[in-house]
Amino acid sequence: MKTKIKQIVLAAARCAFEKGFLPSDQVPDMEIEEPKHDSQGDFSSNFAMVSAGIQKMAPKKIADILVSSMESHDFIEKTEVAGPGFINFFLTNSAWHPVVDQILAQDTRFGASDMGSRQRVQVEFVSANPTGPLHVGHGRGAAVGDSVGNILSFAGFDVQKEYYINDSGRQIRTLGTSVWLRLLEMAGKEIVFPEDCYKGEYIKEFAQNLLEIEGKTFADTDEETAIPVCAKFAAGKILEGIKTDLSDFGVSFDQWFSEQSLYDSGRVDAAIQKFRDQGLIYEDAGALWFRTEDFGDEKNRVVVRNNGLTTYFASDIAYHTEKYERGFDRVIDVWGADHHGYIKRIDAAVVASGRKSAQFSVILVQLVNLLRGGKPVQMSTRAGQFVTLKDIVDEVGKDAARFMFLSRSYDSGLDFDLELAKQKNSDNPVYYVQYVHARITGILLKAVEEGVIDAIDFKKGDRLDLLAEPEELKLIKILAGFGEQVEKSAETLHPHVIFTYLMTLAAAFHGYYNKHKVITEDKTLTRARLSLVLAVKKVIRNGLFLLGVSAPERM
RNA sequence: GCGCCCGUAGCUCAGCUGGAUAGAGCGCUGGACUUCGAAUCCAUAGGUCGGGGGUUCGAAUCCCUCCGGGCGCGCCA
């Protein structure tokens, strides 16, 4: 619809120029936008204002000329010049009605777009170390990453969701040590439990399990043999738990990628060697450094320490160059905000490997502030006391948790109140939106019962021309805008755009519902309205799907 | 000190690739269920868009600066 309006404006401008009313045929960047107020029409163009400089005329005058040069169209009720020089378009009701048919016909694909033109995009998210269960922060990252993936996919990108398993390095070793010490403790030996070891109860469980599996003599194994065994066992168990928790949270991955595999396949060494040959990695004070400064970082970064051990950065370089070799046009990493200092160095590695900076983006998710009834929940990772993602899903449910995580822009910190997320009332936005879906299902069921329609789902509207109430037109206009919101959400990588849209649509529906009865004595009108509410139901479902939230038929 | 994010109604936040009269939820006050699901709706009140400069026909939106809050600045991960 917007493109149609744009063409009309452009045609009018050309026509006015040819007739000599406008001195220039230059066309600046102009926009067709939707005004905030109904009195300003359905669409407006700022052509006159942005052309004022080129045409050397007052915006209002240009607007008047354009309006008088415009051909009439049957779907345009009237055009007006208003404010500083806006041209406002008022559409006829019948211009909007076909939207309902489109929704019913396109069904689960309504709102989908081909803006991505099947470009291959990888979204990597969560990627928590398998050293403990996922916590609230991971939950937000998981919700964001999964949803961004869904949205990009819906917008026509070829998306792969990936989890990077940090199953190598010192943390894993520490995990092994932690389990080993607990195991020795259980075997009755004197131990000193170091400050930097993992203190959670789950560590003791693993020690217990291992003792049962390996037998009591395992406690006599020498440390160098035992710790890797403990580490592998614990990491495997934890990863299993992470997979389960994510699955219960409605998050699935296309691939689980092991950091260790990069070492095993020699990719880390190969990457270091390659950049060394290019002079991008050099030696200093016994360590190997990557010239990230050349790419805008504050200082160069170590990839191999003087003790011969690689840093995290080394495998990250190998990993990120490998991603593009797999054929992705674009790579998106979802990180916690506390990692923002790493963006430049990874970006440096990406650019150094011959990719464009635009092919790499990082979504930084700000921290979650967990509350219960308005009061902060005390958490301490060190002491092993924290609320896990599983705790949250168990307590408030998957849908409420995901909706809450996606309700705000990830650029802002998020207050997550467990009490609020649990409430089944209007304080809790998830039910507000889901209620629309359930309510409409109820209406459709009743209509079937009364024999007005054959089934609660159908592909074609009936007598849409009867939809003439202002609330009905408003609903249709909101429905028509879904695709645009999907594209905006995909462009900005911001899922909360969909959240906001759903809240707007839900509010419009509830308002309509309370003012007008769908099922009335007038069967024809009833069928028209049923077509409309079914369209609303489908769009609500499509939107919720993008956020990974279910659309219940009953609540 | 440097970097990233944030500052909009009493509270939590949308709006930020510049547009007309800055929105929503909660909370406050008062209303609406013999009628399709009241997990809903309607009405009223509430604002120097942190302060100050600048760019522009036009700034919550862009630039500079200051203030306030969160996070990060290792040959840790």
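Throughout, a chain's letter reflects where its sequence line sits, starting with A, and its residues are numbered from 1. These numbers come from the heavy atoms of this one structure, side chains and all, not from hydrogens, waters or symmetry mates.
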| query | Which pairs with one or both residues in residues 78-87 of chain A pass salt bridge (Lys or Arg N to Asp or Glu O under 4.0 Å), sequence neighbours excluded? | reply | A:K78-A:E80
| said: Over all strands shown, is A:E34 touching base, sugar-phosphate only, or nothing at heavy-atom distances under 4.0 angstrom? | reply: nothing
| field | Listed partners of A:H437 passing ring pair (Phe, Tyr, Trp, His ring centres under 6.0 Å), at least two apart | value | none
| query | A:F499 near the nucleic acid: base, sugar-phosphate alone, or nothing, with a heavy-atom cut-off under 4.0 Å? | reply | nothing
| Which part of the nucleic acid does A:A438 contact within heavy-atom distance under 4.0 Å: base, sugar-phosphate only, or nothing? | base
| note | Residue pairs meeting side-chain hydrogen bond (donor to acceptor under 3.5 Å, both in side chains), one or both in residues 37-54 of chain A, sequence neighbours left out, come to A:D42-A:K477
| field | Nucleotide paired to B:G3 in any strand shown, Watson-Crick or G-U, under 3.5 Å | value | B:C71
| task | Please name all residues satisfying side chain to side chain contact (heavy atoms under 4.5 Å, CB included) with A:S361, sequence neighbours left out, ordered by chain then number. | result | A:R330, A:I332, A:L493
| said: Below the 4.0 Å mark, does B:A38 have OP1 or OP2 next to a side-chain nitrogen or oxygen of A:R439? | reply: yes
| message | For a quick check of understanding: with a heavy-atom distance under 4.0 Å over all strands, which category does A:A287 fall into, base, sugar-phosphate or nothing? | response | base
| field | Under 4.0 Å protein heavy-atom contact, by nucleotide of nucleotides 13-22 of chain B - B base, S sugar-phosphate only | value | SSSS--BBB-
| Pairing residues for A:Y263 by the ring pair (Phe, Tyr, Trp, His ring centres under 6.0 Å) criterion, not counting sequence neighbours | none
| task | Respond yes when some side-chain nitrogen or oxygen of A:Y435 is under 4.0 Å from OP1 or OP2 of B:A39, and no when none is. | result | yes
| said: Counting the atoms with a prime plus P, OP1 and OP2 as sugar-phosphate, which does A:K60 contact under 4.0 Å by heavy atoms, base, sugar-phosphate, or nothing? | reply: nothing
| query | Is A:S550 close to A:Q434 at the side-chain level, that is, under 4.5 Å between some pair of heavy atoms? | reply | yes
| task | Could you give the distance separating B:G31 and B:C36 at their C1' atoms, to the nearest angstrom? | result | 23 Å
